[in-house]
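Worksheet: the structure to be examined is printed underneath.
We count ligands from 1, going down the list as the structure has it; atoms in each ligand are counted the same way. Values reported hereafter were calculated over all heavy atoms of this structure, with side chains retained and with hydrogens, waters and symmetry mates removed.
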Amino acid sequence: MADPAAPSTAPSSPNAIDVALADVDARYRDDFAKALDEQALREANARFLGRNGALTAALKEMGKIPATERKAAGQRVNAMKGAVEAAFEARLAGLHRAAREAELQAPPFDLTLPGRAAPRGHLHPVTQVREDILDVFRDLGFVVAEGPQVDLEENNFTKLGFPPDHPAVDMQDTFWVKPPKGAPDARVLLRTHTSNMQVREMSARKPPMAIVSAGTVYRVDDDPTHTPMFHQMEAFYVDEHVTMAHLKGVIAAFVAKLFGERPVRFRPSYFPFVEPGVEVDMRCTFCEGAGCRLCKGTGWMEILGAGMIHPVVFEHCGIDPEKYSGFALGTGLDRPAMQRYGIPDLRLMFEGDVRFLEQF
Ligand code: PHE
C-alpha cells in the first residue's frame, strides 16, 4: 500500500478509476439506447450505478489512489455519475413518451362494448340433490353429521348385526383396505353404505337424537346402473316411544317436499340392522299411478329402505333397547339425480366430462 504521507509521484498513469470511467463512458449511451422498455433500461442503469455497478466499483477504488489525486478523481467519478443519471432519466422519459404515443395511435378502446362474462360453474347434479335432501331433514329438526369413507368393519357391518358370513361382507362386494401400520389386525374397508353413521353417532351421543348424513360409499360393482363409487344418505331418530308412525310421517314429509304430496307405501323387506324392515315406494311421479315405462307399469317407484332400529344395534352402541326405540332410513342419491335430470347412464355422472356436466 502507498504511504499516504509520501509525496506523490507525478500524475499517475491511468489508474483503475480512470480505466473504469473510460469503460463506462464508452458504453452507457449505447446501452441506454438499446434498452427498448423500462425494465431493460433499469437493468442497463444498474450495470453502472447499481450496487454491483461499474461506477460503484470505481468509487471503492478511491482509497487506493494517492491523496493528492483523490479530490480530482472524486470529481471525475461524480461527473460521470451525473452524466449517466441524466442519460438514464432522458431515456426513461423518451420511453414513456413513446409508449403514450403508441397508445394514442392504437385503435380507440371502445368503452361501450359489453364485458366478457366469466363462465360460471355449478354444483354437480348429485351434490344438488344431496343439498336438497339435507335441507328437508334440517327443516324437520335433524342434525347433519359427517362421517369417514374409510371405516372399520365393526362400524360398517358387525355392530349393525351383519353376521361375518353375510354376503355383503364378501370381497366380491366390499373394498377391503390394508390395515394401518400401528394396528395390523384392524379390519378396514371403504364403507358400503352410510349406515356406519348410525353406529358412530349412536355410540357417541345420548338419546334423543335425530341425525342425517350423506356422502360417498363404495361397492365392487360396475355397470350402467352401478358404479364402484356412489352416494347415499341416512337419517335416524332415537328417543323414547318412537314408532313406525313417526317413520311414515317423516317419509311422507320428505316425499312431499322433494316430489310433491303423494301416497307412500311400505313393503316388508330385510336389512340386518332394522326390525321390522321395509322398502318404501311412492306414487310414480311420471304417470301418477296409471302405469308407465318408468315405474314398469306398477304405478309405484321405490325410493328408500327403512325400518325400526334393531335392539342389537342399540346394545352394540350402549343404548338401552328397553327404554329407547328409533327408526332409520337410507337411500341412494344418484338415482334421484338421474331421474331429476333424465340422465341415462350412471357412469356419465362420474367421468368428469365438462360437456356433460355443463348441461345441468
Ligand atoms: N343401508 C341400506 C342400504 O345400503 C339402506 C337402509 C338404511 C335400510 C337404513 C334401512 C335403514 O341398502
**Study point:** Beyond-backbone contact of Leu346 with Met349, side-chain heavy atoms, under 4.5 angstrom
**Key:** yes
Review point. Among protein heavy atoms, which lies nearest atom 12 (O) of ligand 1, and at what distance?
Key: Phe271 CE2, 3.8 Å
Point to revise | Contact summary for Asp345 and Met338, nearest pair of heavy atoms | key: C-CE, 3.8 Å
Study note, to complete from the structure: At under 4.0 Å between heavy atoms, what of Thr331 touches ligand 1? The answer is neither
Point to revise | Side-chain ion pair, Arg187 and Glu154, N-O less than 4.0 Å | key: no
**Study point:** Residue-ligand contact Arg219/ligand 1, heavy atom below 4.0 Å
**Key:** yes
Revision key, fill the gap. In this structure, atom 2 (C) of ligand 1 is nearest to the protein heavy atom Phe273 CZ, 3.9 Å
Point to revise | Donor-acceptor pair, side chain of His246 and main chain of Thr243, under 3.5 angstrom | key: yes
**Study point:** Nearest heavy atoms of Leu160 and Phe273, plus distance in Å
**Key:** O-CB, 3.1 Å
Practice item. Do me a favour and list the nearest non-hydrogen protein atom to atom 1 (N) of ligand 1 with residue, atom name and distance? Key: Ser195 OG, 2.9 Å
Practice item. Could you tell me whether His193 and ligand 1 have an N or O pair separated by under 3.5 Å? Key: yes
Point to revise | Distance-minimising heavy-atom pair for Phe175 and Val220 | key: CE1-N, 3.7 Å
Practice item. For Ala306, take its heavy atoms, then give the atoms of ligand 1 lying under 4.0 Å from any of them. Key: 8 (C), 10 (C), 11 (C)
Exercise for review: Say whether Gln232, considering both its backbone and side-chain N or O atoms, lies within less than 3.5 Å of an N or O atom on ligand 1.
Suggested key: yes
